[in-house]
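Accompanying notes for the structure given below.
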Amino acid sequence: MLGQFNMELQIDTVFDTLKAPPFLDVFYIGDFAVDSLGNIFLFANRSIIKCSKSGEYIKHYPIRIGQGPGEFNHHVRHVYSNRTDEVYVEDNSRLVVLSNDLVFEKNVPVSPTNNPVRFDDSSYIYCLKRKFGPNGIEYALYKFDLSGQERGIFASFNAGGYQRQGGLTVASMHEYRPNAYYSINSNFLYYSYNFEYVIYRFDLDGKLSAKFLVNERPIMMSDEERAYVLERTKRTIKANFALDIPMDFPKNRPFSSGLLCDEKGRLYLVKFKSVLDKTDGFTVFIFSNKGRLLYSSRIPYYPRIIRNGVIYALDTYRLDTEADLSYRIIKLTIKNYDKMKSDI
């Protein structure tokens with residue numbers, strides 16, 4: 001490893017719900033995407049909104065529930081931009097495709113179970129889908145074409161779960177549950193299961209081509225962490241289901257909580273952060289595309305996207321203790337990006 005890379009960051013707020021144009025009536029940001037020019041597409045409470053790279057409003061696409069062209073079957077969950085800068089909107093039953101200018105193009109009959117959706121240069125779609133088995137809930141990473149046809153399965157993992165009344169299995173929705181992260185760069189898909197200290201590299205036809213080992217030791221999940229998560233999660237479950245449901249926890253903490261690629265082929269593995277850790281920022285391990293650990297670094301916000309030397313994050317805040325929660329998209333420009341090596 002080359003050591004610690006101290007990112008010189010210029011931090012800007014590019015969209016803030018408190019400062020949005022009043023006619024948009026924005027009070028919530030659910031997700032966002034960034035195209036190759038740095039334009040931002042965000043899913044707000046009632047619209048898909050396009051902004052310039054500096055955050056200036058350009059256009060919006062109203063979210064309407066219905067069965068007609070360009071309407072949504074369910075409430076929107078996520079928004080993405082593919083390699084040709086089209087906008088994909090996930091509505092829990094399919095992907096609705098809009099042009100970069102927010103004009104409806106088509107529907108794609110793919111219903112991802114879990115965020116994120118990734119695209120390769122040929123616009124094939126990669127996402128996790130859920131199925132139920134004898135050992136609980138299992139997720140698999142699938143490849144689909146634009147007609148919704150399955151083109152391969154790359155990896156799978158068991159998500160556990162617990163039983164609700166009537167035998168229905170529900171996944172444990174907390175930070176310590178099993179999960180997977182994946183990203184695509186050039187001709188490879190990189191995959192990380194959050195309890196393994198490994199990054200898997202697949203060819204885009206599904207063949208495993210390499211394993212990159214991470215030299216870190218497992219850390220046991222503490223009783224304090226379990227108590228914190230259990231109390232918080234049970235409050236949420238009781239509010240939704242009015243049931244006292246047991247929760248499953250792992251022996252160890254997860255290791256990773258995100259995996260990104262940049263255009264130079266580097267991998268950014270986000271280290272898991274304990275719910276009891278109140279310090280600012282996240283630790284990121286930066287690898288070459290050959291699996292060599294180059295650097296560790298710290299980023300003050302959780303990185304959702306990295307593109308052309310810019311990290312994008314979604315942040316929440318309150319003006320005071322009595323104020324409603326506000327949302328903002330943060331842009332962190334890495335001013336010394338060109339000094340970061342791509343290999344050893």
Side-chain angles (χ1 to χ4, degrees), residues 14-17 20-53 55-120 122-131 139 141-151 171 173 240 304-305 312 314 316 324-329:
V14 290
F15 192 91
D16 191 321
T17 53
F23 66 87
L24 292 174
D25 191 24
V26 177
F27 57 84
Y28 168 78
I29 299 175
D31 196 16
F32 70 94
V34 179
D35 71 11
S36 62
L37 297 177
N39 296 311
I40 299 168
F41 300 84
L42 61 100
F43 151 48
N45 45 298
R46 294 175 182 167
S47 304
I48 306 299
I49 301 171
K50 179 179 181 180
C51 300
S52 70
K53 61 182 179 181
E56 297 173 348
Y57 167 80
I58 297 175
K59 190 176 182 181
H60 71 282
Y61 185 92
I63 295 173
R64 298 189 179 95
I65 305 300
Q67 300 298 318
E71 295 180 331
F72 299 91
N73 287 342
H74 301 278
H75 296 293
V76 169
R77 298 199 306 176
H78 299 291
V79 60
Y80 309 96
S81 179
N82 70 356
R83 301 300 177 93
T84 57
D85 289 341
E86 291 175 304
V87 179
Y88 281 65
V89 184
E90 179 196 342
D91 74 350
N92 204 30
S93 66
R94 62 186 177 184
L95 296 170
V96 178
V97 185
L98 309 176
S99 71
N100 190 265
D101 198 35
L102 298 186
V103 176
F104 171 73
E105 292 185 344
K106 57 181 175 287
N107 294 324
V108 177
V110 172
S111 177
T113 303
N114 237 19
N115 187 38
V117 171
R118 302 297 189 204
F119 305 90
D120 63 21
S122 301
S123 291
Y124 282 101
I125 298 165
Y126 302 79
C127 63
L128 289 173
K129 287 186 68 67
R130 178 178 60 200
K131 60 182 180 179
Y139 287 90
L141 177 56
Y142 287 84
K143 176 180 180 179
F144 294 96
D145 63 23
L146 290 178
S147 68
Q149 293 296 310
E150 178 189 318
R151 296 298 182 182
M173 298 304 293
N240 291 333
R304 287 183 172 235
I305 297 169
Y312 298 85
L314 180 61
T316 58
D324 292 333
L325 196 65
S326 297
Y327 295 75
R328 59 188 175 188
I329 296 173

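For the pair K50 and N39, the minimum side-chain heavy-atom distance is below 4.5 Å. Put simply, the side chain of C51 reaches to within 4.5 Å of the side chain of L42, judged on heavy atoms. In this structure the side chain of I63 reaches within 4.5 angstrom of the side chain of F43, judged on heavy atoms. A 4.5 Å side-chain heavy-atom check between R94 and P109 finds every atom pair outside the cut-off. Put simply, the side chain of L98 does not reach to within 4.5 Å of the side chain of V103, judged on heavy atoms. Between Y124 and R151 there is a side-chain heavy-atom pair separated by less than 4.5 Å. Two residues are said to be in side-chain contact when any heavy atoms from C-beta on lie closer than 4.5 Å; C127 and L141 fail this criterion.
Across every non-hydrogen atom of I40 and S52, the tightest pair is CD1-O, 4.2 Å. Nearest approach of L314 to I329, heavy atoms of both residues: CD1-CG1, 4.2 Å.
Side chains of N100 and D35: a donor on one and an acceptor on the other come within 3.5 Å.
The aromatic rings of H78 and Y80 sit tilted relative to each other, their planes meeting at an angle between 30° and 60°. Ring planes of Y88 and F119: tilted class, angle from 30 to 60°. Ring planes of F23 and H60: tilted class, angle from 30 to 60°.
Every residue meeting the side-chain hydrogen bond (donor to acceptor under 3.5 Å, both in side chains) condition with S93, not counting sequence neighbours, appears here in chain and number order: N73, D91. By the ring pair (Phe, Tyr, Trp, His ring centres under 6.0 Å) test, Y126 is found to be paired with F154, residues two or more places apart in sequence or in another chain being considered. The ring pair (Phe, Tyr, Trp, His ring centres under 6.0 Å) check on Y312 picks up nothing, with sequence neighbours excluded.
The CG atom of L24 lies 5.5 Å from the OH atom of Y57; values are rounded to the nearest 0.5 Å. To the nearest 0.5 Å, atoms NZ (K143) and CG (D120) are separated by 6.0 Å. Separation of atoms CD1 (I29) and OG (S326) is listed at 9.5 Å; rounding is to 0.5 Å. A distance of 10.0 Å separates CZ of F27 from CG of D324, quoted to the nearest 0.5 Å. Interatomic distance, R77 CZ to E90 CD, rounded to the nearest 0.5 Å: 4.0 Å.
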(request) Evaluate the criterion salt bridge (Lys or Arg N to Asp or Glu O under 4.0 Å) for residue pair K106 and E86; output intermediate values, then yes/no. (result) CA-CA 11 Å; K106 57 181 175 287; E86 291 175 304; 3.8 Å; yes
(request) Carefully, step by step, assess F41 and F32 under the rule ring-ring contact (aromatic ring centres under 6.0 Å, His included). (result) CA-CA 5 Å; F41 300 84; F32 70 94; over 10 Å; no
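When the options L325, D25, N45, V26 are evaluated for a side-chain contact (heavy atoms from CB on, under 4.5 Å) with T17, the one that passes is V26.
Within 6.0 Å of NZ on K53 lie no more than 12 heavy atoms contributed by other residues, nucleotides or ligands.
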